Amino acid sequence: MPDLYFYNSYTRQKEKFEPITPGYAGLYVCGPTVSGESHMGHARPYITFDVVQRYLKHLGYKVRYVRNITDAGHFEEEGREAVDKVNEKAKLEKMEPMELVHKYTMLYRQGMKLFNCEDPAIEPTATGHIIEQISMIETIIEKGYAYEVNGSVYFDVNKYAASYPYGKLSGRVLEDQLETTRELDGQEEKRDKADFALWKSAPPQHIMRWKSPWGEGFPGWHIECSAMSSKYLGETFDIHGGGMDLQFPHHESEIAQSTIAHGHPPVRYWMHNNMITINGKKMGKSYNNQIKLSELFSGNHPMLQQAYHPMVIRFYILQTHYRSTLDFSNEALQASERAFRRLWEAYELLNKLPATAGETAADSELDAKVAQWCRECEEFMCDDFNTAKVLANLFELAPVINGIKGGQVSGKALSATTVALMKDTFHVFLEEILGMQAMQAQQTDKLDKALSLLIEIRSDAKKRKDFATSDQIRNKLASAGIMLKDEKDGTVSYTVE
RNA sequence: GGUCGGAUGGCCGAGUGGCUAGGCACAGCUCUGCAAAAGCUGCUACAGCGGUUCGAAUCCGCUUUCGACCUCCA
């Protein structure tokens, strides 16, 4: 197993991955808050960490991948207030919190499936772990790092900071925070502005509420991840991932809570993906500039000229290193679509390549280069999951494959071993690790037979130099989204959009 | 205001001291009835100004500029 290095946000440097239990890897990733439809910005962490967990598996680790769903809090849908239980008559007209959460959870899962993200091993919900959260809060109170006020419980950040490195993850100084923290709801209850809520007392109109030792209320935002990650991965686990915008206060708070509750920090390696920007600004709730996944897939958005296949989005995201910002534009997506189409066609061609290569390579220089491009893929992934470089190398291979097919490169140029290595590299890295898959559905036999007939008729017409007929067939099929290609060897292939 | 991170060719984007990715677009050529595809070739950039060095996109300083976080946020 090669050594895997990646950037640990906590130490701000690349580190060698050494799991707590040899052969096993625990990965926790902050999932979405399901109070609205997922947008493109959400796609980034889930695709990024899908590749991370796929790669860990590829290296031979037994991976437990946990990704939560945040379904607790104060939810309402735009223009539709959550139902007020007191007003029973309105019940069916209004949105039940559970209905809302369910709707967006299903949409999110559907999106993940379209992106070919593998399901996490466990997908815990915040509402399903209220007991665990309450119990953790009790422990923190017992240890003297939290206090109750009017049915709410707050974490004592100052006390914590006196003996632990609060702010290390997000690189900030507590004193600076104090001066700049703005007025927030319930601020007057806190002993200090830096304190954060572990449990919030629910006002009467608040629908999501649970019984607790401190009265009816609901959990604070940060405690769910601490409770669920420790439950399923242990009090200390290997990797915690999420978007950079969660570093503070969410992850910083997680560290503080867990450190007090369990007596030691929760996470060995922190990983954060960078943001997707649009016109240079972060795509997000507060900017009101999201492009929803459904809009992306349908093309139904002012900024989009066309619909984009989920695989194009996945490819687009993986072409950039996960720690760089990725600026969105319609042009960039179009470029990705063309690029991915070309790469995938080369891959399909490679799989169909006849095994005519001999044991020795006629072009040893090319053979060596190809072998090197293939081998480097592993190095690139082991160096902070550099998917951009992996794709660049696969693109180096594309002209070789196309050249063999087109006759510009001799079929004997590469050794049989190298051809096999190339096939293996594409399959393992493009499909298994990067998780790319074909954009088009498999052709059915019936379609294939019908097209074979048309191709045959067209070939006959061409033989008679009846180009009017042959072009008519080609053009009409093209306008139906079926592209015919006259190959060099006289055969005709087709692609369906 | 505080903290942090960027500024790379027409566009998107890798890259931490010399070997100067890759994609898209563009131009020429090859192939071709035409087209598409494919192949070959070309386009050689690192915000500005200083400094370190034999040598810097890469290290240091300053300037300009953009952004992220500090508040729900992937």
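Note on naming: letters A, B, ... go to the chains in the order of the sequence lines (proteins, then strands), and numbering restarts at 1 for each one. Only this structure's heavy atoms are used, side chains among them; waters, hydrogens and symmetry mates stay out. What you are looking at is a predicted structure, and each value in this text was computed from that prediction instead of being measured.
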**Q** Please examine the side chains of A/Lys292 and A/Ser38, heavy atoms only from C-beta on, and report whether any two atoms are closer than 4.5 Å.
**A** no
**Q** Rounding to the closest angstrom, what is the interatomic distance between B/rA21 and B/rG9 at atom P?
**A** 14 Å
**Q** Map A/Asn279 and A/Ala392 onto RNA chain B by nearest heavy atom, then report which one ends up closer to the 5' terminus.
**A** A/Ala392
**Q** Taking only side-chain N and O atoms of A/Tyr287, does any of them lie within less than 4.0 angstrom of OP1 or OP2 on B/rA68?
**A** yes
**Q** Quick check: A/His222 with A/His251 (ring centres under 6.0 Å apart)?
**A** no
**Q** What's A/Asn475 touching, base or sugar-phosphate or nothing? Going by heavy atoms closer than 4.0 Å.
**A** nothing
**Q** In Watson-Crick or G-U wobble terms, both distances under 3.5 Å, what is the partner of B/rA68?
**A** B/rU3
**Q** Output the distance between atom CZ (A/Phe218) and atom CE (A/Met208), rounded to the nearest 0.5 Å.
**A** 10.0 Å
**Q** Does atom CD of A/Glu456 have more than 12 heavy-atom neighbours, drawn from other residues, nucleotides or ligands, at distances under 6.0 Å?
**A** no
**Q** With heavy atoms under 4.0 Å as the rule, sort A/Arg474 into base, sugar-phosphate or nothing.
**A** base
**Q** Of the listed nucleotides (B/rA68, B/rA74, B/rC34), which one gets closest to any side-chain atom of A/Asp471?
**A** B/rC34
**Q** Between B/rC24 and B/rG6, how far is it from one C1' atom to the other, in whole Å?
**A** 23 Å
**Q** Assuming nearest nucleotide by heavy-atom distance, tell me which of A/Ser336 and A/Phe467 is located more 5' along RNA chain B.
**A** A/Ser336
